[in-house]
There are 2 protein chains.
Amino acid sequence: MQTFTEENYLKTIYKLSEDAESVTTNQLAAVLHTKAASVTDMLKKLSEKKLIDYIPYYGVTLTETGKRIAVDVVRRHRLWEYFLVEKLNFKWDEVHEMAEELEHISSVELVDRLDQFMGHPAYDPHGDPIPDKHGRIKQHEFKPISQLSVDECGVISGVREHSPAFLQYLEKLNLMLGNQIRVIEVLVYDQSVVLTVNQSENKISISKEAAKNILVTS
Amino acid sequence: MQTFTEENYLKTIYKLSEDAESVTTNQLAAVLHTKAASVTDMLKKLSEKKLIDYIPYYGVTLTETGKRIAVDVVRRHRLWEYFLVEKLNFKWDEVHEMAEELEHISSVELVDRLDQFMGHPAYDPHGDPIPDKHGRIKQHEFKPISQLSVDECGVISGVREHSPAFLQYLEKLNLMLGNQIRVIEVLVYDQSVVLTVNQSENKISISKEAAKNILVTS
DNA sequence: TAAATTATTTAGATTAGTCTAAAACTTAAG
DNA sequence: CTTAAGTTTTAGACTAATCTAAATAATTTA
């Protein structure tokens, strides 16, 4: 059994591990809004519990046990997000904080029943895959809009940034999950992208950063 | 904003206050599975926050603010229990521990939406009233089976003991909420009660203690 | 490759909640 | 009304998670 805090560390290490081989102390401190010294202390503790492999000064990776726990936390987070949006009618930009609390409720039975109640959803409201009860995750082939060429189409299937501000911005532009986009033009000087949504006449322009953070399937 | 622990103290003081004028240190220690010294420390803290009126050596009562928080915790607890039983199909003896965790999720909006999702239930799965969002509680006129006379009838509407063992025992005897009972006989030597359920021929006998812990309306 | 910069760890302190043991207070009994 | 018993509080210590400041290791730069 882990504490709330330990689970947050494991989850964060897990997420950061998707982008890089190993995770550094400062990265963790930044994401967890804490100080490097605090992170070091926790890494020692998690290492003693054999939930991570920790080499001082060189970073950290999850052990199999640690990874399993992290995936469970992610599963719970995404299932609760799905519940909040689909059953309680929250909007996709409102659910993150609540799910941050709900993900630490420990009962395995509760999560499995919740999963069943909702019909075993595969993706959360932001398009992220929901691990199943055995920790298996559907691997999806998403790529950012920034990698599309002019005239290429795609269906919006996920986001790489979950801040309410960004999600509200997408909603305002009708860039919601399931909508089809077509790239009209990529401006040379700032790589901003002009595109249309669902065959509409209306052209909208998004920055390079936004284009990197919207994921599509073709 | 209170911590998890503070909320548990307030909730416990609230519940114990229903039976007695003021609540003592040792009572709290017993219910919270902690030591009297720890309770004293917490009472000082809650007193400084003006959530309780605390007179050293003489016990404690809730202030209006403290009571409001306690009622909110109770509301969340009972709403989550209702959810677990009605939506996730848990049995009434399985939900207490989970609700103990869920009750501390802080979002007011979450609880109100949950309440709405379930159609504003008035009673939880054990027959306890669920406070509304303004903290109002339906006062019900329940009395224990032990106060019925021979030949009196009643509808089982609540319990005064929530342990899984007791709830499972009631389920086995078909002494579930909504069922009608009739007192056939009260034995003189130990005040155990013989009764029938839902007009059945079958007579069952329960101890004085059990009779005290089952509440009926007439 | 030595110096400067950056990243990380160590040392020592803090806060919340808890504990044991001892002291102080209240209540009950004779 | 004094003593004994029981209850509550105080004193001092512990653990988990955090912090700041200082020390040390790694990396970058000249």
Side-chain angles (χ1 to χ4, degrees), chain A residues 1-14 16-17 19-62 66 69-70 73 100-101 103-106, chain B residues 1-14 16-17 19-62 66 69-70 73 100-101 103-106:
Chain A
M1 199 60 265
Q2 300 66 231
T3 65
F4 196 102
T5 310
E6 287 171 348
E7 286 190 346
N8 280 334
Y9 271 85
L10 293 173
K11 181 185 66 171
T12 306
I13 294 166
Y14 175 75
L16 292 173
S17 296
D19 301 330
E21 191 57 32
S22 96
V23 176
T24 69
T25 302
N26 266 3
Q27 275 181 297
L28 284 168
V31 175
L32 292 165
H33 303 106
T34 182
K35 297 298 150 72
S38 311
V39 173
T40 300
D41 286 343
M42 182 57 81
L43 294 184
K44 284 185 198 163
K45 189 177 156 194
L46 293 173
S47 184
E48 267 164 31
K49 291 191 170 189
K50 302 219 184 297
L51 300 174
I52 60 173
D53 291 313
Y54 168 51
I55 305 167
Y57 293 103
Y58 281 93
V60 76
T61 55
L62 292 174
I69 295 165
V73 176
E100 285 289 297
E101 296 188 56
E103 73 187 9
H104 301 292
I105 305 291
S106 57
Chain B
M1 198 58 265
Q2 299 65 232
T3 65
F4 195 102
T5 310
E6 287 171 348
E7 286 190 345
N8 279 335
Y9 271 86
L10 293 173
K11 180 184 68 170
T12 306
I13 294 166
Y14 175 75
L16 292 174
S17 297
D19 301 329
E21 191 56 32
S22 95
V23 176
T24 69
T25 303
N26 264 4
Q27 275 182 298
L28 284 168
V31 176
L32 293 165
H33 302 106
T34 182
K35 297 299 151 75
S38 311
V39 173
T40 300
D41 286 344
M42 181 57 81
L43 294 184
K44 283 186 201 164
K45 190 177 156 194
L46 293 173
S47 184
E48 267 164 32
K49 291 191 170 190
K50 303 220 183 295
L51 300 174
I52 61 173
D53 291 314
Y54 168 51
I55 304 169
Y57 293 104
Y58 281 93
V60 76
T61 55
L62 293 174
I69 294 166
V73 176
E100 285 289 298
E101 295 188 56
E103 72 187 10
H104 300 291
I105 306 291
S106 57

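A note on names: the letters A, B, ... follow the listed sequences, proteins ahead of strands, and every chain is numbered from 1.
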Checklist outcome for this item: Regarding the side chain of A:Met42, the nearest nucleotide among C:dT8, D:dT18, C:dT18 is D:dT18

Checklist entry - At under 4.0 Å, does any side-chain N or O of B:Tyr54 touch on OP1 or OP2 of D:dT9? => result yes

Item to check | side-chain contact (heavy atoms from CB on, under 4.5 Å) between A:Thr61 and A:Ile52, intermediate numbers included | outcome: CA-CA 6 Å; A:Thr61 55; A:Ile52 60 173; over 6 Å; no

Checklist entry - How would you label the contact of A:Thr40 with the nucleic acid (heavy atoms, under 4.0 Å): base, sugar-phosphate, or nothing? => result base

Checklist entry - With nearest nucleotides of DNA chain D determined for A:Pro56 and A:Thr3 from heavy-atom distances, which residue corresponds to the more 5′ nucleotide? => result A:Thr3

Can you check nucleotides 19-21 of chain C for protein contacts, nitrogen or oxygen pairs under 3.5 Å, and list what you find?
unit_1: C:dC19; atom_1: OP2; unit_2: B:Thr34; atom_2: OG1; d: 2.5
unit_1: C:dC19; atom_1: OP2; unit_2: B:Lys35; atom_2: N; d: 3.1
unit_1: C:dC19; atom_1: OP2; unit_2: B:Ser38; atom_2: OG; d: 2.6
unit_1: C:dT20; atom_1: OP2; unit_2: B:Lys35; atom_2: NZ; d: 3.4

Checklist outcome for this item: Of all heavy-atom pairs linking A:Ala36 and A:Ala29, the shortest is N-CB, 3.7 Å

Item to check | Within 6.0 Å of NZ in A:Lys50, more than 12 heavy atoms from elsewhere | outcome: no

Next on the checklist: Quick check for you: to the nearest 0.5 Å, what is the distance between B:Ile69 atom CD1 and B:Gln2 atom CD?
Outcome noted: 3.5 Å

Checklist entry - Does the distance from a Lys or Arg side-chain N to an Asp or Glu carboxylate O, for A:Lys11 and A:Glu6, drop under 4.0 Å? => result no

Checklist entry - Hey, does the side chain of A:Tyr9 come within less than 4.0 Å of D:dT18's phosphate (OP1/OP2), counting only N and O? => result yes

Next on the checklist: Distance check needed: D:dT18 P versus A:Leu28 CG, whole Å only.
Outcome noted: 12 Å

Item to check | Per B:Tyr57 side chain, nearest of listed nucleotides C:dC25, D:dT18, D:dT24 | outcome: C:dC25

Item to check | Under-4.0 Å side-chain N/O to phosphate OP1/OP2 contact, A:Lys44 with C:dT10 | outcome: yes

Checklist entry - Roughly, in whole Å, what's the span from CD1 in B:Ile55 to P in D:dT8? => result 14 Å

Checklist entry - Can you tell me if the side-chain N/O atoms of A:Asn26 get under 4.0 Å from OP1 or OP2 in C:dT6? => result no

Checklist entry - Between B:Glu6 (CD) and C:dA16 (P), how many Å, whole number? => result 9 Å

Next on the checklist: To the nearest 0.5 Å, what is the distance between CG on B:Leu46 and CG on B:Asp41?
Outcome noted: 11.0 Å

Checklist entry - Within the pair B:Thr5 and C:dA16, is there a side-chain N or O less than 4.0 Å away from OP1 or OP2? => result no

Checklist entry - With side chains defined as the heavy atoms from C-beta onward, is the minimum distance between A:Val39 and A:Tyr9 less than 4.5 Å? => result yes

Next on the checklist: Starting the side chain at C-beta, find the nucleotide from D:dT27, C:dT9, D:dT9 nearest to A:Tyr58.
Outcome noted: D:dT27

